[in-house]
A.B. asks: 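Following this message is one structure expressed as structure tokens.
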2 protein chains.
Amino acid sequence: MNWKNIFPQFEPPLIELIEKEAVQRSFAAGDIIMRTGQYIKSTVLVLEGRIKIYRENQDGGEFLIYYLEPGQACAVSMICAIQSHTSELMAVAEEDTEVLMIPVHLMDDMMNQYKTWYQFVIQTYRARFDELLSVVDNIAFRNMDERLEFFLKRYSEKTGKKKLEISHQQIADDLNSSREVISRLLKKMEQRNLLKLHRNMIELF
Amino acid sequence: MNWKNIFPQFEPPLIELIEKEAVQRSFAAGDIIMRTGQYIKSTVLVLEGRIKIYRENQDGGEFLIYYLEPGQACAVSMICAIQSHTSELMAVAEEDTEVLMIPVHLMDDMMNQYKTWYQFVIQTYRARFDELLSVVDNIAFRNMDERLEFFLKRYSEKTGKKKLEISHQQIADDLNSSREVISRLLKKMEQRNLLKLHRNMIELF
DNA sequence: CAGCCTTCGTGACAGTAATCACAGCTATCC
DNA sequence: GGATAGCTGTGATTACTGTCACGAAGGCTG
């Protein structure tokens, strides 16, 4: 696929280098791209699809941090890559996903030689840091009802759809809550005329 | 003061540059170093003392993110600096504090020219990102009692003391909880023989 | 010493969310 | 069509936390 349209900001020599050295790879929906504690060998750029980045704790609980979309990159994989650390996060393909994997050992040179790459990396750091901060905001200051509204809004923006094909259980998992709580809150939102509930689908107004 | 000992990893030409261009500044305990929404003009390196970085919400709630110690730098100020964004966090001197302020406009060149600076910045990003992640872990997965234990442990490590001079109210603020809750939990911990309570002081065992 | 402020202890109550229990409903697969 | 599995709705109960109320104790100041 023609990935240059997805990263139009990259300068031609950088594109050439990536073309030569990077590996393109496909993941099916549900595939695990990176798991907690795994050693990182590549920086991941998303070309197509959607990747869910989440935190996992020992007793099976999970917690959504953010989604990665085409044109975005995994900040963790960059930072870890540069320092050869392991990842502290899980990454799973939410849809069928295409990524470009750039070997770690190229990172240093790329940072030095290609201004557009350097800017992209800095940009990525900041964006992820901000998203992480807004996650903290939400769990620290908001109740589940507000967090749920925020989640649905974000999900709709990310997928570009008003009809969200997602089950209550999945939402509960992402918010580290339980299905019953989410069902009840959704019901209340339906009564407030913010949305309409269907099977396996939530229609936002 | 001789700050070179605090950043021994910097290469000599970088030290010269900083010596020439950076401004050293003192803050008294309690001074606000950076406030939410403020435009950032300098990157802050901590020489002495301790800076508390926290998030503030509209109704006066606050939430501790992390502390900065001598030898550390504010990742936010770096990212924001490079991109001329505003800060989303508050920074307050917890003790009398000395910092070095490096004007924003030098950042790009420093990143390109000084390997040790580049590494320091990357290192800082990663460290702050990780700390932020552990904050998320705590509020997402842990109850107040565990969060309190974690807080006390971290506080003790950061100050290097077993006798923490801090009031229940201050702890409650940092954890975005209330004084009564903290008092009760501390009492329980005292009964479990983990610590001893005094006025304005908590003695860890 | 008397007044005052801050800190701390504790009981009572309320609201949020997690958990358990169970029932109905839809879709799919033999 | 009947069995089965997954999704949804709802009540009852419980645990945790935040809020209100009030009192006691320590320390500071005039």
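Labels below follow one simple rule: chain letters A, B, ... track the order of the sequence lines, proteins then strands, and each chain is numbered from 1.
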A.B. asks: What class does the angle between the rings of A/Phe63 and B/Phe141 fall in, given that below 30° is parallel, 30 to 60° is tilted and above 60° is perpendicular?
C.D. replies: perpendicular
A.B. asks: Would you mind reading off the distance between B/Arg142 atom CZ and C/dA17 atom C1', rounded to a whole angstrom?
C.D. replies: 19 Å
A.B. asks: In this structure, how many angstroms lie between the P atom of C/dA27 and the NE2 atom of A/His198, rounded?
C.D. replies: 13 Å
A.B. asks: Taking for each residue the nucleotide of DNA chain C with the nearest heavy atom, is it B/Gln170 or A/Ser178 whose nucleotide lies nearer the 5' end?
C.D. replies: B/Gln170
A.B. asks: So, A/Thr116 versus A/Gln9: side-chain donor-acceptor pair below 3.5 Å or not?
C.D. replies: no
A.B. asks: State whether A/Tyr155 and A/Arg50 meet the cation-pi test: NZ (Lys) or CZ (Arg) under 6.0 Å from the six-membered ring centroid, and within 45° of the perpendicular axis.
C.D. replies: yes
A.B. asks: Going by heavy atoms closer than 4.0 Å, what residues in residues 179-197 of chain B are next to DNA chain D?
C.D. replies: B/Glu180, B/Val181, B/Arg184
A.B. asks: If we ignore angles and hydrogens, is there a donor and acceptor under 3.5 Å between the side chains of B/Gln169 and B/Asp173?
C.D. replies: yes
A.B. asks: So, does B/His168 get its side chain near the phosphate of C/dG9, meaning an N or O under 4.0 Å from OP1 or OP2?
C.D. replies: yes
A.B. asks: Might you confirm whether atom NZ of B/Lys188 has over 12 heavy atoms from other residues, nucleotides or ligands at distances under 6.0 Å?
C.D. replies: no
A.B. asks: Output the rounded distance in Å from CD1 (B/Ile166) to P (C/dC8).
C.D. replies: 10 Å
A.B. asks: Give a yes or no on whether A/Lys115 atom NZ has more than 12 heavy-atom contacts from other residues, nucleotides or ligands under 6.0 Å away.
C.D. replies: yes
A.B. asks: So where does chain A start and stop touching DNA chain D, 5' to 3', when the test is distance under 4.0 Å to a non-hydrogen atom?
C.D. replies: D/dG6 to D/dA12
A.B. asks: What orientation do B/Phe10 and B/Phe7 show, parallel under 30°, tilted 30 to 60°, or perpendicular over 60°?
C.D. replies: parallel
A.B. asks: Between C/dA17 atom P and A/Asn138 atom CG, what is the distance in whole Å?
C.D. replies: 13 Å
A.B. asks: Does B/Arg128 qualify as a cation-pi partner of B/Tyr66, given the criterion of NZ or CZ under 6.0 Å from the six-membered ring centre and within 45 degrees of its axis?
C.D. replies: yes
